[in-house]
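Being a predicted model, the structure only gives us computed values, none of them experimental.
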Amino acid sequence: MKKLPSAKTHRMIKLGVSFATVLIITTICFIIPLRPTVSETEKRELAKFPEFSFEALMNGEYFSDISTWFSDTVPFRDTIMSINSGIQNFLGTSGTRVGFNEGVEGDDIPDPVDPGNIETLPFEEEPSSEEGTKPPEEITYPEDEKEAQNVEQLGSILICDNAGFEYYNFVQSTADNYARALNTAASRFSGNYDIYATIAPNSTDITLNEKVRAKLSVSDQKEAINYMLGSTSSDVKKFNCYDNIKQHRNEYVYFRTDHHWTALAAYYAYEVFCHTKGITPLPQSAYEIWSFDGFLGTFYNDSGSNPALGATPDRVDAYKPPCEYSTTVTDKYGSTSDWFLFYDETNAPASLKYGTFIGGDNPLTTITNNTLTDGESCVVIKESYGNAFVPFLVYHYKTVYVIDYRHYQNTLSGFLSTHQVDDIIFVNNISMTRNASLVKTLGNFVAG
């Protein structure tokens with residue numbers, strides 16, 4: 001009779017397999033060429049291996065940044081995340097009902113240092129929506145007086161009926177650092193340039209069913225924006241777009257399957273900017289609108305292709321200004337090429353259609369209004385929310401420079417030393433202002 005392996009042998013085999021698996025995975029993790037530099041799933045550039053300096057070594061930042069790089073650039077990152085989402089969906093663990101008031105509490109929001117220092121439009125009580133672009137007929141936001149039919153939490157995403165939302169929790173230390181970055185820009189550059197700033201709210205404060213939002217542990221975005229803008233120098237000209245967008249909440253101002261605002265919301269921010277600058281905004285009717293259907297954005301991807309989101313894709317609208325223009329983009333390697341203010345995304349993958357605006361997130365984009373023989377120039381300092389905002393400026397400026405500080409290798413001072421501009425415009429969304437890493441990057445860009 002054949003002798004069976006002993007229990008001890010089984011344990012040794014299991015231990016050997018486990019050890020070999022860990023060894024293989026560890027070896028793969030240390031193969032630098034396998035480490036990704038960009039995440040298609042998250043639509044962002046991943047952390048870079050830090051440059052060595054004795055200052056960073058002594059204060060601990062060097063090894064901290066190495067740890068961030070190591071964890072952020074795991075080989076096959078997007079594949080692993082996709083498999084994990086699929087497993088969660090199969091097991092039903094990602095579609096649990098929201099545990100209301102179980103989220104992380106944000107910090108208390110102090111009163112603005114100077115609340116009278118925030119300029120907003122004197123809007124009418126009842127906004128006109130005659131020109132507002134409406135969503136496709138099958139897409140509707142829950143009405144405030146009605147209860148939402150389906151609410152669930154998928155990781156960090158809230159799904160309410162057929163729309164996704166992200167949580168916002170105020171972090172005072174990071175918010176203060178963001179205001180400090182704007183103040184640094186004001187102290188260094190306001191004598192030679194006009195400096196403008198806005199903070200775009202996300203959809204949770206604007207289009208989420210208010211009965212649902214009232215039960216969530218989220219911070220009040222209007223109060224947070226007022227605090228940050230009210231904590232900046234009077235040399236920063238604030239154009240607070242919150243109220244104007246909120247008044248148009250029943251229009252198509254936010255995507256349902258993606259975390260960005262639509263170009264229509266960006267238009268309402270542009271109206272406030274024009275009021276602050278003292279120029280007349282173009283009416284919506286002056287623009288030619290290009291539309292790209294079938295957009296399934298970050299919420300759809302991060303939720304593991306949630307069926308409710310997938311059943312009602314978004315539409316990306318792009319507002320073409322009534323002038324002739326040319327666009328060039330400079331990539332992270334310093335190569336410059338001609339591009340388009342809007343790219344035809346008709347046949348693009350469903351997840352990439354927001355890329356129609358200004359060539360996406362390039363370190364530097366230059367847009368020239370060829371209709372103007374003379375005029376002012378500006379530089380817009382932004383993350384991806386700013387992409388939809390920039391095209392509205394093209395009609396008013398001879399040249400619009402666009403810097404994505406997450407990818408730009410120079411500093412603001414370095415840029416200004418070689419480019420002639422009149423206005424510096426900061427456009428960021430509120431989630432960015434709680435991201436300590438991004439705020440630090442912006443601060444270094446401004447202070448360098």
Side-chain angles (χ1 to χ4, degrees), residues 33 36-48 78 260 263 266 287-288 290-292 295 297 316-373 375-425 427-428 441-442 445 448:
T37 58
V38 175
S39 171
E40 295 297 334
T41 297
E42 298 174 87
K43 299 178 179 61
R44 67 178 178 90
E45 188 171 344
L46 301 175
K48 297 178 180 178
D78 284 357
H260 290 102
Y287 296 88
E288 177 186 352
W290 294 358
S291 296
F292 308 105
F295 177 44
V316 179
D317 295 324
Y319 288 64
K320 183 179 183 294
C323 59
E324 297 298 323
Y325 46 78
S326 57
T327 304
T328 62
V329 297
T330 303
D331 64 21
K332 62 181 180 181
Y333 304 108
S335 299
T336 299
S337 57
D338 293 335
W339 199 245
F340 308 92
L341 184 61
F342 303 110
Y343 188 73
D344 187 349
E345 299 285 359
T346 303
N347 298 317
S351 64
L352 301 181
K353 293 182 184 290
Y354 186 79
T356 185
F357 304 107
I358 68 170
D361 296 324
N362 292 288
L364 176 64
T365 304
T366 304
I367 307 163
T368 304
N369 182 338
N370 298 317
T371 301
L372 291 177
T373 56
E376 292 185 320
S377 296
C378 71
V379 56
V380 179
I381 299 166
K382 61 85 188 178
E383 34 73 28
S384 58
Y385 257 63
N387 297 5
F389 176 82
V390 165
F392 296 110
L393 302 178
V394 172
Y395 179 82
H396 301 278
Y397 290 94
K398 175 59 180 175
T399 307
V400 177
Y401 299 101
V402 186
I403 291 177
D404 193 317
Y405 56 86
R406 300 170 299 175
H407 311 304
Y408 192 63
Q409 299 301 307
N410 204 339
T411 62
L412 180 56
S413 178
F415 171 84
L416 294 175
S417 68
T418 57
H419 296 80
Q420 177 63 46
V421 302
D422 301 280
D423 298 338
I424 301 172
I425 307 170
V427 180
N428 289 286
T441 299
L442 177 64
F445 166 74

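To the nearest 0.5 angstrom, S291 atom OG is 8.0 Å from Y319 atom OH. Here the CD-NE2 distance, from E383 to H260, works out to 7.0 Å after rounding to the nearest 0.5 Å. The structure places OG1 of T330 at 13.5 Å from CH2 of W339, a figure rounded to the nearest 0.5 Å. The distance from atom CG of N370 to atom OG of S326, rounded to the nearest 0.5 Å, is 4.0 Å. Interatomic distance, T366 OG1 to H419 NE2, rounded to the nearest 0.5 Å: 6.0 Å. The line from CG of D317 to CZ of F342 is 10.5 Å long, rounded to the nearest 0.5 Å.
At least one side-chain heavy atom of K382 sits under 4.5 Å from a side-chain heavy atom of D404. In this structure, V316 and W290 have side chains that are not in contact, with every pair of non-hydrogen atoms separated by 4.5 Å or more. Within the 4.5 Å cutoff, no side-chain heavy atoms of V390 are placed close to those of V427. For the pair L364/F415, a side-chain contact is recorded, criterion being any heavy-atom separation below 4.5 Å from C-beta on. Y397 places none of its side-chain heavy atoms less than 4.5 Å from the side chain of V380. Within the 4.5 Å cutoff, no side-chain heavy atoms of C378 are placed close to those of H396. T327 has its side chain out of reach of I358: every pair of non-hydrogen atoms, C-beta onward, lies at least 4.5 Å apart.
Checking T336, D338, N362 one by one against V329, the side chain to side chain contact (heavy atoms under 4.5 Å, CB included) holds for a single residue, N362.
Between the side chain of N369 and the backbone N or O of V394, at least one donor-acceptor pair lies under 3.5 Å. Put simply, the side chain of K353 never gets that close to the backbone of F295: no donor and acceptor are under 3.5 Å apart. No donor-acceptor pair under 3.5 Å is formed between the side chain of K320 and the backbone N or O of E288. The main-chain N or O of S377 is found under 3.5 Å from a side-chain atom of D422 such that the two form a donor-acceptor pair. The closest donor-acceptor contact from the side chain of T356 to the backbone of Y343 lies under 3.5 Å.
In plain terms, the two heavy atoms of P321 and P391 that are nearest each other are CG-O, 4.0 Å. Across R406 and S384, no two heavy atoms sit closer than the pair NH2-N, 3.5 Å. The minimum heavy-atom distance linking A388 with A263 is given by the pair CB-CA, 4.2 Å.
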Given the rule in the side-chain contact (heavy atoms from CB on, under 4.5 Å) test, do F292 and D344 qualify, once you have shown the distances and angles that lead to the verdict? CA-CA 8 Å; F292 308 105; D344 187 349; 3.3 Å; yes
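One side chain, Y405 or N428, offers a donor N or O that lies under 3.5 Å from an acceptor on the other.
When ring centroids are compared, Y354 and F357 come within the 6.0 Å threshold.
The number of heavy atoms from other shown groups lying within 6.0 Å of OH (Y325) is above 12.
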